[in-house]
*Asks:* 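Encoded as structure tokens, here's the structure I'll be asking about.
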Amino acid sequence: MIETARISLVVIFAVVGLFFTFVSATGVIRLPDVFARAHTASQADTLGAGFGLAAVALTLGWEPATVKTVLLLLFIFVTNPTAAHAIARAAYEEGIEPWTTGDERR
Amino acid sequence: MAASEAPRLLVPVQRSVTLRQTVDYAIREVLESDADEPTVHFVSMATWRAGDPGTNTDRNRAEDLLEDIEIWARYECEEAGVDPETVDVETALIGLDEYLFSPSDYAELLTSYAADHDLDRVIVDPEYSLVGHTTLIQPLEFELQQTDLAVEEAPVDRPTSRGRLVSRPNPARFLAVFGTSFLFYQILGGFSGLFDLVTGLATAAVVAITLSSVSFYSDPSLTESPKRILRGVVYIPYLLYEIIVSNLLVARVILDPRLPIDPRLTKVKVFVGSGFPLTTLANSITLTPGTLTVTAENQELYVHSLLPFAREGLFDGSLERWVRFVFYGREAARFPSPRERGDTEVLQEPTASTTAVTDGGSIDDTPECGSEPDDDSEPQGGVDR
């Protein structure tokens with residue numbers, strides 16, 4: 001019984017992770033400029049990877065390797081926004097003006 | 001340099017390696033002119049605000065420093081064979097009732113202090129530093145040149161030309177880095193026996209020796225650091241909740257065929273203190289979907305926001321409050337939001353054509369712009385630098 005619940009939770013987490021990764025990819029394609037794309041490329045992905053890793057941790061069960069997945073998760077939460085910030089900042093310093101509604105699509 | 005008029009000096013002070021020499025230089029300067037009643041004011045500018053929790057030690061430290069300076073000044077007078085009573089040495093702790101962040105804030109405070117006490121010359125310690133790791137001398141000089149104060153840098157011999165990020169060896173920092181890396185090693189190794197303990201000790205020693213001098217910019221303390229870590233642990237679930245909620249909202253918008261986005265660059269002035277707290281806040285803002293920290297200037301964050309609701313959330317300042325809570329405790333969390341303070345600004349105002357969206361349909365009844373536009377906000381194109 002508990003085993004079934006665990007497996008269903010693993011499936012749910014994996015699917016939710018997949019969903020957010022899909023949203024992230026869609027956003028990168030659909031959004032108009034580098035700033036908007038940096039949003040979705042990093043953030044939706046954070047949750048995508050997060051749920052994916054949660055599924056991995058649940059599959060592994062109570063093991064040392066599980067701790068490592070949690071650590072991985074922590075690092076993703078630190079590095080992902082840093083990367084997004086670096087991209088946005090580089091674009092800003094290049095003088096790229098953020099797209100606003102009404103502008104031509106780039 | 002000797003003027004017939006009595007010199008009236010203002011010296012901003014902060015603990016630094018060259019402070020003693022700066023004090024000596026200021027005293028020598030006033031003694032050289034043989035005018036009556038020369039005046040030197042040594043002022044310490046508060047980087048905190050009086051009454052904020054946890055600032056008592058800062059205050060005591062500043063007051064100790066000012067006492068030391070009075071002793072040094074008297075000593076220097078006696079060395080020069082002058083009666084210390086003939087030199088008017090005053091010390092003051094200023095800026096207690098406000099938060100000061102940028103060099104212009106400090107310059108403003110110094111200028112008004114100088115005006116109040118009729119001082120006309122400023123001597124700055126070349127290592128003078130209040131804001132993060134940078135010395136304040138160049139920006140401060142620049143700001144003060146706008147006023148009619150004379151500014152000069154005290155000529156001092158620096159003991160070494162050390163890099164600013166590198167602090168002197170310090171047992172507390174060493175132990176903190178050593179402990180953290182040892183624990184991390186054991187977690188990765190799964191706490192598996194003697195071999196890991198020995199190699200872990202060796203690795204942690206190498207890490208601590210090489211990195212402990214750049215890992216902190218203030219000493220970890222036994223009372224404050226654990227409290228901060230605990231409050232950080234409380235913060236994480238809240239941050240996760242925020243991330244999930246706004247992720248769902250952003251996902252809905254991205255998957256919407258009409259793509260109803262309304263991106264704007266905004267500027268928010270935040271009050272969390274420079275360095276690590278600011279980084280934490282900027283990273284939390286970026287982690288929350290819909291808002292992206294583009295760049296930070298002093299305490300002003302340029303945040304790109306994708307949707308009006310994200311902007312609202314940012315201007316409500318809940319993340320700022322949480323970061324204040326994590327770093328300074330519950331008392332500091334009670335603080336007006338950026339909107340209430342008037343520290344928000346939408347840099348790209350909606351233009352007349354906003355409603356006529358060129359691709360992907362129109363914005364339905366979402367408000368044009370997340371907040372009441374500030375009076376002084378720049379028009380479109382204000383982001384060019």
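Keep in mind that this is a model prediction, so the values were computed, not measured. Per chain, numbering begins at 1; letters A, B, ... match sequence-line order.
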*Asks:* Using non-hydrogen atoms and a 4.5 Å limit, figure out which bit of Ser284(B) sits close to chain A: side chain, backbone, both or neither.
*Replies:*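 Neither part; nothing is under 4.5 Å.
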*Asks:* Between Asp316(B) and Arg321(B), does at least one N-O distance fall below 4.0 Å, as a salt bridge requires?
*Replies:*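 Answer for the salt bridge query: no.
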*Asks:* Are Asn80(A) and Phe75(A) packed together at the side-chain level, in the sense that at least one heavy-atom pair is separated by less than 4.5 angstrom?
*Replies:*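 Result no, sub-4.5 Å side-chain heavy-atom pair not found.
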*Asks:* Could you check, using the six-membered ring where one of them is a Trp, whether Phe325(B) and Tyr235(B) have ring centers closer than 6.0 angstrom?
*Replies:*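 Not under 6.0 Å, so no.
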*Asks:* Less than 4.5 Å to any heavy atom of chain A: does that hold for the side chain of Leu239(B), its backbone, both, or neither?
*Replies:*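 Interface part for Leu239(B): neither.
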*Asks:* Answer with side chain, backbone, both or neither: which region of Ile87(A) has an atom nearer than 4.5 Å to a non-hydrogen atom of chain B?
*Replies:*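 Neither part.
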*Asks:* Thr46(A) versus chain B, heavy atoms under 4.5 Å apart: side chain, backbone, both or neither?
*Replies:*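 Contact with chain B is through the side chain of Thr46(A) alone.
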*Asks:* I need the Ile187(B) CD1 to Lys68(A) NZ distance, nearest 0.5 Å.
*Replies:*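 Ile187(B) atom CD1 to Lys68(A) atom NZ measures 11.0 Å (nearest 0.5 Å).
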*Asks:* With a 4.5 angstrom heavy-atom cut-off, is it the side chain or the backbone of Ser246(B) that approaches chain A, or both, or neither?
*Replies:*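 Nothing of Ser246(B), per the 4.5 Å heavy-atom cut-off to chain A.
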*Asks:* Please step through side-chain contact (heavy atoms from CB on, under 4.5 Å) for the pair Val234(B) and Tyr238(B), ending with a clear verdict.
*Replies:* CA-CA 7 Å; Val234(B) 180; Tyr238(B) 170 77; over 6 Å; no
*Asks:* With a 4.5 angstrom heavy-atom cut-off, could you sort out which part of Phe77(A) is near chain B: side chain, backbone, both or neither?
*Replies:*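 Both parts, heavy atoms under 4.5 Å.
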*Asks:* Chain A: which of Leu188(B), Val294(B), Leu306(B) shares the most heavy-atom pairs with it under 4.5 Å?
*Replies:*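 Going by pairs under 4.5 Å, I would pick Val294(B).
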*Asks:* Between the side chains of Arg324(B) and Glu320(B), is the shortest nitrogen-to-carboxylate-oxygen separation below 4.0 Å, so that they form an ion pair?
*Replies:*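 A salt bridge is absent here (no side-chain N lies under 4.0 Å from a carboxylate O).
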